[in-house]
Trainee: 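Let me give you the structure first, and then I'll get to my questions.
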There are 2 protein chains.
Amino acid sequence: MQAPDTPLTHQRRKDARPAELTAAALALFVERGFAATRLEDVAARAGVSKGTLYLYFGSKEELFKAVIREGIVPVIEIGEALLETYRDDPEHLLREIIFGWWKMIGSTPLGGIPKLMIAEAANFPEIAQFHYDEVIVRIRRLLATALELGQAKGVFRQVDVVAQVQIILSPLLMLAIWGHSFACCDRAGIDPQRYLEATLDLILNGLRKPRGNGENGDAP
Amino acid sequence: MQAPDTPLTHQRRKDARPAELTAAALALFVERGFAATRLEDVAARAGVSKGTLYLYFGSKEELFKAVIREGIVPVIEIGEALLETYRDDPEHLLREIIFGWWKMIGSTPLGGIPKLMIAEAANFPEIAQFHYDEVIVRIRRLLATALELGQAKGVFRQVDVVAQVQIILSPLLMLAIWGHSFACCDRAGIDPQRYLEATLDLILNGLRKPRGNGENGDAP
DNA sequence: AGTTAATAACTGACCAGTCAGTTATTAACT
DNA sequence: AGTTAATAACTGACTGGTCAGTTATTAACT
């Protein structure tokens with residue numbers, strides 16, 4: 001009546017624990033918020049006792065810091081690499097950034113981080129500053145470069161790049177946020193692919209020079 | 001050494017209390033989140049003791065419900081009235097909706113509600129549903145009407161209206177959310193007027209028919 | 001004097017963080 | 001190979017502080 005090879009408890013897996021704990025914490029922090037999340041629930045979700053959690057993280061806030069630190073930062077580098085690959089085609093670059101973001105961040109558990117960080121930024125200014133410096137600023141810089149590239153190539157109009165970068169990011173962030181907030185209310189919510197396609201449609205038509213090329217205006 | 005005409009305590013102002021309490025609660029819920037907000041702090045901010053709060057609201061959750069119920073809903077009606085006023089000029093209508101939203105909601109304490117509702121939607125599905133039905137759906141409908149009006153008039157291209165409505169709302173919501181989250185990190189954050197102007201710029205250029213009119217492409 | 005708004009002291013549930021004890025793994029020594 | 005000692009991962013009951021919600025009392029107004 002018992003499988004001795006896989007005891008449910010007292011397994012010793014020092015290496016795997018931290019990542020399993022931060023994954024569990026991310027999921028619960030995103031869903032409930034930092035204050036409303038019980039560490040006992042985090043531990044249970046990671047298949048471990050509360051005491052074990054404290055072997056790896058000194059406090060609830062330390063756990064939060066770890067979640068944010070190891071979260072999006074590694075993925076950003078991949079995004080920045082796109083710049084080199086598509087340097088000669090700004091419209092294609094923009095498309096790759098947007099759909100790449102969805103594939104690597106938005107549609108993964110990391111997609112909860114925007115909601116989490118927005119909710120907790122005022123309570124944890126240090127962590128917010130880190131996320132701002134290491135994620136937000138870098139994504140903005142990447143997008144700004146894409147826009148400036150397009151302007152230099154004469155594909156895009158002259159626009160307020162600083163403002164447009166933030167504006168263009170908004171629909172992406174809101175898509176991710178939505179999935180972790182009102183998605184349940186929004187029965188038959190819109191398909192992400194369709195939403196992103198429409199986003200790209202608005203952005204490209206909004207940025208392109210008014211008379212540049214012939215093909216334009218596609219009906220849905 | 002004391003002003004007997006204005007005692008700081010034991011003032012009897014039954015009528016004014018509820019609104020003062022919900023205003024205090026809105027501010028603190030937005031800043032800290034529901035769970036991390038202490039009712040003692042809410043009461044103190046409203047110049048009242050915790051016991052008094054319970055004379056007017058049965059529980060912390062009731063207080064939250066009241067905050068959301070009396071929050072944005074009344075302002076929505078004003079927005080919907082714009083439709084009649086600017087029915088014949090869709091671009092102008094869009095501009096009025098966007099800047100009206102900023103003036104009546106985004107730049108006021110109500111501007112915190114998007115952050116608050118996003119953070120708490122999963123914890124309070126009922127309240128989320130109410131806000132979704134009474135605020136989100138109605139704002140979307142207003143914007144959708146504006147777009148369809150523009151298409152009918154031949155000013156706007158044929159676009160995926162359902163998607164575009166959500167996309168267009170995103171930069172507005174993010175502007176409000178930003179002010180209550182990362183604004184502190186973002187020293188010298190962008191001016192809201194400039195941001196909204198750029199938003200309208202992208203949207204109108206993105207929606208307009210490619211060859212419709214002569215004047216286009218303004219440099220910042 | 002009676003009524004009601006407001007207060008402040010109080011209670012009890014909850015949860016972050018601790019620690020004494022348990023179990024698995026490794027090492028040492030036959 | 002088998003026994004035992006030592007270590008390190010893990011557990012869960014416990015504690016102390018915090019805070020939502022209650023209540024006995026006080027102050028204001030009629």
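When reading the values below, keep in mind they use all heavy atoms of this one structure, side chains included, and skip hydrogens, waters and symmetry mates. Please read all numbers here as calculations on a predicted model, not as lab measurements.
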Trainee: Answer yes or no: does a side-chain N or O of A:Arg38 lie under 4.0 Å from OP1 or OP2 of C:dC15?
Mentor: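 So the side chain of A:Arg38 is within the cut-off, an N or O lying under 4.0 Å from OP1 or OP2 of C:dC15.
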
Trainee: Counting only side-chain N and O atoms of B:Thr52, is one of them less than 4.0 Å from OP1 or OP2 of C:dT7?
Mentor: yes

Trainee: Give the nucleotide from the list D:dT11, C:dA6, D:dG21 with an atom nearest to the side chain of A:Ser49.
Mentor: D:dT11

Trainee: Answer yes or no: does a side-chain N or O of B:Thr9 lie under 4.0 Å from OP1 or OP2 of C:dT7?
Mentor: yes

Trainee: Taking atom P of D:dC10 as reference, at what distance in whole Å does atom NZ of A:Lys14 sit?
Mentor: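 So the NZ-P distance, A:Lys14 to D:dC10, works out to 8 Å.
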
Trainee: If you check every side-chain atom of B:His10, which of D:dT26, C:dG17, D:dA8 has the closest atom?
Mentor: D:dT26

Trainee: Can you tell me the pairing partner of D:dG17 across any strand shown, Watson-Crick or G-U wobble, with both distances under 3.5 angstrom?
Mentor: C:dC14

Trainee: Applying a 4.0 Å non-hydrogen cut-off, can you work out what B:Phe57 is touching in the nucleic acid: base, sugar-phosphate, or nothing?
Mentor: nothing

Trainee: Nearest whole Å is fine: how far is D:dT11 P from A:Tyr56 OH?
Mentor: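 The distance from OH of A:Tyr56 to P of D:dT11 comes to 9 Å, rounded to the nearest Å.
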
Trainee: Nearest heavy atom decides the nucleotide; on that basis, is A:Gly58 or B:Gly47 closer to the 5' end of DNA chain C?
Mentor: B:Gly47

Trainee: Taking atom P of D:dA28 as reference, at what distance in whole Å does atom CZ of B:Arg13 sit?
Mentor: 15 Å

Trainee: With a 4.0 Å cutoff (strictly under), does any side-chain N or O of A:Arg17 reach OP1 or OP2 of D:dC10?
Mentor: yes

Trainee: Which nucleotide, in any strand shown, forms a Watson-Crick or G-U wobble pair with D:dA5, with both distances under 3.5 Å?
Mentor: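 Partner of D:dA5: C:dT26.
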
Trainee: May I ask you to verify if any side-chain N or O of B:Tyr54 is less than 4.0 angstrom from the OP1 or OP2 atom of C:dA6?
Mentor: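 False: B:Tyr54 side-chain N/O out of range (4.0 Å or more) of C:dA6 OP1/OP2.
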
Trainee: Answer yes or no: is there a donor N or O on one side and an acceptor on the other, between the side chain of B:Tyr195 and the main chain of B:Pro171, under 3.5 Å?
Mentor: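 The answer is yes, because a donor-acceptor pair under 3.5 Å joins these two groups.
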
Trainee: B:Asp15 CG to C:dA6 P: how many Å, rounded?
Mentor: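 The distance from CG of B:Asp15 to P of C:dA6 comes to 10 Å, rounded to the nearest Å.
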
Trainee: CD of A:Glu62 versus P of C:dG17: gap in Å, rounded?
Mentor: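 After rounding, the reported distance stands at 10 Å.
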
Trainee: To the nearest Å, give me how far apart NZ (B:Lys60) and P (D:dT18) are.
Mentor: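 Answer to the nearest Å: 15 Å.
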
Trainee: Measure from CG on A:Leu53 to P on D:dG12 and round the result to the nearest Å.
Mentor: 14 Å

Trainee: Out of D:dT11, C:dT4, C:dT7, which has the shortest distance to the side chain of B:Leu55?
Mentor: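 So the side chain of B:Leu55 is nearest to C:dT7.
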
Trainee: Nearest heavy atom decides the nucleotide; on that basis, is A:Glu40 or B:Val48 closer to the 5' end of DNA chain C?
Mentor: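 The residue whose closest nucleotide sits nearer the 5' end is B:Val48.
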
Trainee: Between A:Glu70 and A:Lys65, is the closest basic N to carboxylate O distance under 4.0 Å?
Mentor: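 So A:Lys65 does not pair with A:Glu70 through a salt bridge.
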
Trainee: Report yes if a donor N or O on one partner sits less than 3.5 Å from an acceptor N or O on the other, where the partners are the side chain of A:Arg12 and the base of D:dA8; otherwise report no.
Mentor: yes

Trainee: If you check every side-chain atom of A:Lys50, which of D:dA9, D:dA28, C:dA16 has the closest atom?
Mentor: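 So the nucleotide nearest the side chain must be C:dA16.
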
Trainee: Going by purine N1 to pyrimidine N3 plus the second Watson-Crick contact, or the G-U wobble pair, all under 3.5 Å, which nucleotide sits opposite C:dG21?
Mentor: D:dC10

Trainee: Does B:Lys60 qualify as a cation-pi partner of B:Phe34, given the criterion of NZ or CZ under 6.0 Å from the six-membered ring centre and within 45 degrees of its axis?
Mentor: yes

Trainee: Within a strict 4.5 Å, meaning less than it, do heavy atoms of the B:Val48 and B:Glu20 side chains meet?
Mentor: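 Sidechains of B:Glu20 and B:Val48: no contact.
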
Trainee: Taking only Lys NZ, Arg NE, NH1 and NH2, and the carboxylate oxygens of Asp or Glu, determine whether A:Glu77 and A:Arg138 approach each other closer than 4.0 Å.
Mentor: yes

Trainee: What is the separation between atom CG on B:Leu21 and atom P on C:dA5, rounded to the nearest whole Å?
Mentor: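 Spelled out: CG on B:Leu21 to P on C:dA5 is 14 Å.
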
Trainee: Would you call the rings of B:Trp178 and A:Tyr132 parallel, tilted or perpendicular if under 30° counts as parallel and over 60° as perpendicular?
Mentor: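 Judged by the thresholds at 30° and 60°, the geometry between B:Trp178 and A:Tyr132 is tilted.
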
